[in-house]
Visitor: 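I have a structure I would like to understand better, so I am pasting it below and will then ask my questions one at a time.
When a ligand or atom number is given, it counts from 1 through the structure's own listing order.
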Amino acid sequence: MIGRHVITSRFSAPLAGMALAGVFAGSLALASADGGGDPGGSRAAALSANHAAPSAAPEDREDRESRESGPPKLPADCKPEKAAELDYANGRIPDEELCPLPQEDESLRADAAAAFYELNAAYHERFGEEMCVRSSYRSYERQAELYESMPAGMAAAPGNSKHGLGIAADLCGGVEEEGTPQFEWLEDNAGEYGWFHPDWAYSNPYEPWHWEYGGDQDD
Ligand SMILES: [Zn+2]
């Protein structure tokens, strides 16, 4: 659904610039973290000076570890295995049962969140940045606000949105347009992580940004 960003559209150009600057700063930071070749390299050189037949293994492991420290991991207190037992009405999931996403102020049901972290990491590996999330879990009240503010058919009635179950996310960063590399990558890969683009969202209403977690049923 089109969300809160609509109201900031007059400021979108400078904001986009700032966001891009942030992305580039992030990439640079990652590049230097990933580029662990420097310390690793000098140590490997030291090792090879001391030993006749140095193994490449320590350097490989360091590289892998620094890459793995990139995309964030599911917080330890998130319990995806318990999510299916939850029985809250749509839009009534208490905060403590939701799992925060790496993206600020966004959260999902724990099983959807756990799958999202893995999808996010794969996306990060492909595009060099984390997924962009514009909306995720929505309370009943928030859905009611949206429903009243949007044209008919553009927002699910409160109590009927997958956002209210904590298993839907509205994505950005390119995914909001069908046919972009980001959208097509998700089409090809999201299913591996239990996420999918529902059939209705291709046309009725057209919401390329809306993705859902279906768990095992999508496998
Ligand atoms: Zn949505």
Visitor: Among the N/O/S atoms of His210, select the one at the shortest distance from the Zn ion (ligand 1) and name it.
Guide: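 Nearest N/O/S atom of His210: ND1.
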Visitor: Would you name the N/O/S atom of Asp170 that lies closest to the Zn ion (ligand 1)?
Guide: OD1
Visitor: Is the side chain of Asn90 donor-acceptor paired with the backbone N or O of Lys162 at a distance under 3.5 Å, no angle test?
Guide: no
Visitor: Please verify the inter-ring angle class for Tyr213 with Trp195; under 30° counts as parallel, over 60° as perpendicular, anything in between as tilted.
Guide: tilted
Visitor: Do Trp211 and Phe183 have ring centres separated by under 6.0 Å?
Guide: yes
Visitor: More than 12 foreign heavy atoms under 6.0 Å from CG of Asp188: is that the case here?
Guide: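 For Asp188, atom CG is crowded (more than 12 foreign heavy atoms under 6.0 Å).
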Visitor: Just checking: Glu207, one of its N/O/S atoms, less than 2.8 Å away from the Zn ion (ligand 1), yes or no?
Guide: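 It does not: Glu207 brings no N, O or S atom closer than 2.8 Å to the Zn ion (ligand 1).
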